[in-house]
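Please read the structure below before turning to the comments.
First the proteins, then the strands, lettered A, B, ... as listed; each starts at 1.
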Amino acid sequence: DAGVIQSPRHEVTEMGQEVTLRCKPISGHDYLFWYRQTMMRGLELLIYFNNNVPIDDSGMPEDRFSAKMPNASFSTLKIQPSEPRDSAVYFCASSLGVEQFFGPGTRLTVL
Amino acid sequence: AQSVTQLGSHVSVSEGALVLLRCNYSSSVPPYLFWYVQYPNQGLQLLLKYTTGATLVKGINGFEAEFKKSETSFHLTKPSAHMSDAAEYFCAVRASDGATNKLIFGTGTLLAVQP
């Protein structure tokens with residue numbers, strides 16, 4: 001298996017623009033997690049899905065952030081409008097059992 | 001609620017020296033415990049995990065950890081550090097609601113290995 005796939009790997013955008021991050025989980029996994037990592041705040045869980053259904057989005061910073069999982073093989077995290085404080089590395093992870101498998105991350109820079 | 005405390009955000013050892021990274025947890029149910037490693041510009045990858053059974057768990061790259069219930073600890077050790085061990089290490093505990101695969105992560109320990 002190719003593992004968790006994230007795209008793009010790097011994104012540079014200007015404040016106010018819409019940003020969409022994409023994730024393809026490992027085939028057969030039924031949980032998908034979105035995390036954000038910054039130097040200041042460490043690793044934060046934003047939202048997670050079970051069988052494509054959002055279970056807990058309490059970590060989503062504000063209404064500018066939204067996530068969807070239209071099917072078992074694809075999820076998106078959208079930021080609209082983006083702000084400089086959204087600059088971070090965003091990770092997607094998937095699991096079947098309790099072990100989570102992480103993607104390589106998307107490094108987002110908002111100017 | 002569960003929590004994970006990693007003592008020491010930065011640890012520096014000499015090549016060949018013992019590595020000891022500390023992790024304490026709180027959980028209202030028997031814990032599932034994990035150590036993940038993150039190399040620069042990469043995602044997290046699993047080093048080892050404890051679910052049930054033997055309390056001394058061996059992982060990849062010569063690392064091991066011991067679950068000590070009485071001390072609520074799950075410290076990570078390696079007898080002899082290698083330059084390639086330089087990375088950030090995260091301890092995690094499974095959320096005790098038992099109904100999900102959510103993990104609670106510690107704040108991480110950055111390990112530096114000096115030549």
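Under 3.5 Å, the side chains of A:T106 and A:E11 contain no donor-acceptor pair of N or O atoms.
Of the listed residues (B:T109, B:V4, B:N24), just one forms a side chain to side chain contact (heavy atoms under 4.5 Å, CB included) with B:C91, and that residue is B:V4. Residue B:F105 is tested with B:W35, B:Y36, B:Y89 for a ring pair (Phe, Tyr, Trp, His ring centres under 6.0 Å); the sole match is B:Y36.
In this structure, A:Q100 CD and A:F33 CZ are separated by 4.0 Å, a value rounded to the nearest 0.5 Å.
Proximity to chain B (any heavy atom under 4.5 Å) is restricted, for A:L45, to the side chain, taken from C-beta onward. Neither the backbone nor the side chain of B:Q45 comes within contact range of chain A, judged by heavy atoms closer than 4.5 Å. Looking at A:R41, there are no atoms closer than 4.5 Å to chain B (heavy atoms on both sides), in backbone or side chain. Proximity to chain B (any heavy atom under 4.5 Å) is shown, for A:E44, by neither the backbone nor the side chain.
With B:N61 contributing its side chain and B:F63 its backbone, the two residues share no donor-acceptor pair below 3.5 Å.
Counting heavy-atom pairs closer than 4.5 Å to chain B, the top-ranked of the candidates A:G97, A:G103, A:G105, A:A93 is A:G97. Chain A forms the most heavy-atom pairs under 4.5 Å with one residue out of B:T107, B:L46, B:T51, B:N41, and that residue is B:L46. For the options A:R107, A:R9, A:E99, A:Q6, heavy-atom pairs under 4.5 Å to chain B are most numerous at A:E99.
Atom CZ of A:R64 has more than 12 neighbouring heavy atoms from other residues, nucleotides or ligands inside a 6.0 Å radius.
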